[in-house]
Amino acid sequence: MDIIYVSDNAFAKYMGVSMLSLFDNNQDIEEMTVYILAKEISPENILRLRKTAHKYHRRIRFIDIAEFEKKIPFSFDTSGYNPIVLSRLFLCSYLPDGIDRILYLDCDIIVNGSVKELETVPLGKNLIAAVPELYMPPEKKALIGLEKEETYYNAGVLLANLTLWREEKTEEIFMEYYRKMEGRLLYNDQDILNHCCKGRIRTLSHTYNLSPNLFYFPGYYIKKLQPAYDTASAKEYKRILASPAIIHYMGDERPWIAGNRNRYRKQYEYYFRRSLWREEPQVRGQRLYMFCYHMLNIITLICPGFRLLFSRLIGINKNKWFSKK
């Protein structure tokens, strides 16, 4: 099985914890190679990552992407997000030609169970497989050519059909669309993938990319909000919430920030304590913000509609408003 991460030095330790959880929960997968699109990762962190892979007898390959921005021949603005997120649009350029499919994972992920099924998920003519975003406002969908009822997917976990990416020259298609949008998209590569792969995205169960925020939305509301999730069986839905295969700590309530009350923080802490980064301190100075975030979660339990209103008016634009120019 082939896995890929993208990271700079600032996120290398979180990637290392994620890799540890991946290896630990998937020891039954006979072969696994992890590729890392790396930008200026320190020698110390590279050594720790290699040791983590060696412990589980896994192969690890570093691919330098320090100059990846040269692949984008026009000016662009990532709205406060780290520009390296765009590098995953160039998987075919960076990876060996013999890889037919690859599982991309964000660094802010804990693999809490088996991903073996993803080795054999039929992709057919689909370019990617992914989990739907819990919510994306219709006006944001419209900006990238999606209708209100069409599904918008989160790109934190992607199963990419690299065979078709090569055949159809998707990198050129991605860049052509990005140029058309003048290099300005709210969610950057995620928006590009949703637009350019529209109609050719296989939907994965949300057990493979579960947002902690999902826990606070009542089940009945999820059926209306995101019918693509596994809501047909209340028992199955609760089982996924209790033990998802992949936890994605999207949003601001990260488990490595002091004062966080993340519902799934114990899963992160378990692997953090076993990792080679266990002596690293938590991020300080955000306790009030973490408390406010937790209160927003509590309000969501009572009035989920308020959470959507908050997201539409504030949350979804926060990175753009507070980005450094």
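The figures here come from the full heavy-atom set of this structure, side chains too, leaving out hydrogens, waters and symmetry mates.
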Could you tell me whether a side-chain N or O of [X] sits under 3.5 Å from a main-chain N or O of [Y], the two making a donor and an acceptor?
X	Y	value
Asn112	Pro244	yes
Lys39	Asn9	no
Asp189	Leu89	no
Gln226	Ala228	yes
Ser21	Ser18	yes
Glu172	Lys169	no
Arg101	Leu118	yes
Arg284	Pro281	no
Asn26	Gly113	yes
Asn45	Ile41	no

task = Specify whether Trp256 and Tyr249 have parallel, tilted or perpendicular ring planes, treating 30° as the upper limit for parallel and 60° as the lower limit for perpendicular.
result =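 Aromatic pair Trp256/Tyr249 classed perpendicular.
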
key: Ring geometry between His294 and Tyr216 (parallel below 30°, tilted from 30 to 60°, perpendicular above 60°)   = perpendicular

inquiry  = Between Phe306 and Leu296, is the side chain to side chain contact (heavy atoms under 4.5 Å, CB included) condition met? List the steps.
reply    = CA-CA 9 Å; Phe306 174 82; Leu296 180 62; 3.7 Å; yes

message = Arg88 vs Asp106, test: salt bridge (charged side-chain N to carboxylate O under 4.0 Å, His left out). Steps then yes/no.
response = CA-CA 10 Å; Arg88 57 184 163 179; Asp106 269 354; 3.5 Å; yes

For the residue pair [X] and [Y], establish whether any side-chain heavy-atom pair is separated by less than 4.5 Å.
X	Y	answer
Ile144	Tyr152	yes
Arg59	Met32	no
Tyr264	Pro255	no
Tyr289	Ile257	no
Leu103	Leu158	no
Ile65	Val6	yes
Leu186	Leu143	no
Ile109	Ile247	no

Cationic N near anionic O, under 4.0 Å, Arg48 to Glu280 =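 Judged by the 4.0 Å cut-off on N to carboxylate O distance, Arg48 and Glu280 do form a salt bridge.
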
key: Ion pair Glu150/Lys198, N-O distance below 4.0 Å   =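 Here Glu150 pairs with Lys198 in a salt bridge, since their nearest N and O are under 4.0 Å apart.
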
Roughly how far, to the nearest 0.5 Å, is the [atom2] atom of [Y] from the [atom1] atom of [X]?
X	Y	atom1	atom2	result
Glu269	Arg278	CD	CZ	15.5 Å
Leu276	Lys51	CG	NZ	7.0 Å
Leu91	Ile4	CG	CD1	5.0 Å
Ile60	Tyr5	CD1	OH	9.5 Å
Glu253	Asn260	CD	CG	5.5 Å
Leu127	Glu167	CG	CD	10.5 Å

Please say whether more than 12 non-hydrogen atoms of neighbouring residues, nucleotides or ligands are located less than 6.0 Å from [atom1] in [X].
X	atom1	value
Glu30	CD	no
Arg287	CZ	no
Gln282	CD	yes
Glu182	CD	no
Glu67	CD	no

Hey, do the aromatic rings of [X] and [Y] have their centres closer than 6.0 Å?
X	Y	result
Trp277	Phe272	no
His206	Tyr237	yes
Phe74	Tyr178	yes
Phe174	Trp165	yes

request  = Give the intermediate values and the outcome of salt bridge (charged side-chain N to carboxylate O under 4.0 Å, His left out) for residues Arg200 and Glu168.
outcome  = CA-CA 13 Å; Arg200 301 178 64 188; Glu168 301 186 17; 2.7 Å; yes

inquiry  = Test side chain to side chain contact (heavy atoms under 4.5 Å, CB included) on Ile99 and Tyr35; report intermediate values, then the result.
reply    = CA-CA 11 Å; Ile99 299 177; Tyr35 296 88; 3.6 Å; yes

inquiry  = Does the structure place the NZ or CZ of Lys71 under 6.0 Å from the centre of the six-membered ring of Tyr94, at an angle of no more than 45° from the ring's axis?
reply    = yes

request  = Examine Arg307 relative to Tyr293 and say whether NZ or CZ is less than 6.0 Å from the centre of the six-membered ring and inside a 45° cone about the ring axis.
outcome  = yes

task = Determine, using the 4.5 Å side-chain heavy-atom cutoff (strictly less than), whether Leu37 and Val85 are members of one ILVMFWY cluster.
result = yes

message = Tell me whether Leu86 shares a hydrophobic cluster with Met181, the cluster being built from Ile, Leu, Val, Met, Phe, Trp, Tyr side chains joined at under 4.5 Å.
response =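 Result: yes, single cluster for both.
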
request  = Test Thr203 against Tyr153 for side chain to side chain donor-acceptor pair (under 3.5 Å), laying out the working first.
outcome  = CA-CA 8 Å; Thr203 299; Tyr153 292 85; 2.6 Å; yes

task = Determine, stepwise, if the pair Asn209 / Leu204 fulfils side chain to side chain contact (heavy atoms under 4.5 Å, CB included).
result = CA-CA 9 Å; Asn209 189 357; Leu204 296 175; over 6 Å; no

inquiry  = What verdict does the salt bridge (charged side-chain N to carboxylate O under 4.0 Å, His left out) test give for Lys140 and Asp191, after you've listed the backbone C-alpha separation in whole Å, the side-chain angles of each residue and the deciding distance to 0.1 Å?
reply    = CA-CA 10 Å; Lys140 301 299 182 183; Asp191 282 349; over 6 Å; no

ask   = Taking it one step at a time, do Arg202 and Leu159 satisfy side chain to side chain contact (heavy atoms under 4.5 Å, CB included)?
value = CA-CA 9 Å; Arg202 181 184 176 93; Leu159 190 59; over 6 Å; no

query = Can Arg179 and Glu176 be said to form a salt bridge (charged side-chain N to carboxylate O under 4.0 Å, His left out), step by step?
reply = CA-CA 5 Å; Arg179 185 196 296 272; Glu176 180 181 349; over 6 Å; no

inquiry  = Walk me through whether Asp8 and Asn82 qualify under side chain to side chain donor-acceptor pair (under 3.5 Å).
reply    = CA-CA 9 Å; Asp8 59 9; Asn82 191 324; 2.9 Å; yes

message = Please give the remaining members of the hydrophobic cluster of Phe291, linking ILVMFWY side chains under 4.5 Å, ordered by chain and number.
response =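 Answer for Phe291: Met295.
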
ask   = So, Asn213 and Tyr135: side-chain donor and acceptor under 3.5 Å apart, yes or no?
value =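 No, no side-chain donor-acceptor contact under 3.5 Å.
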
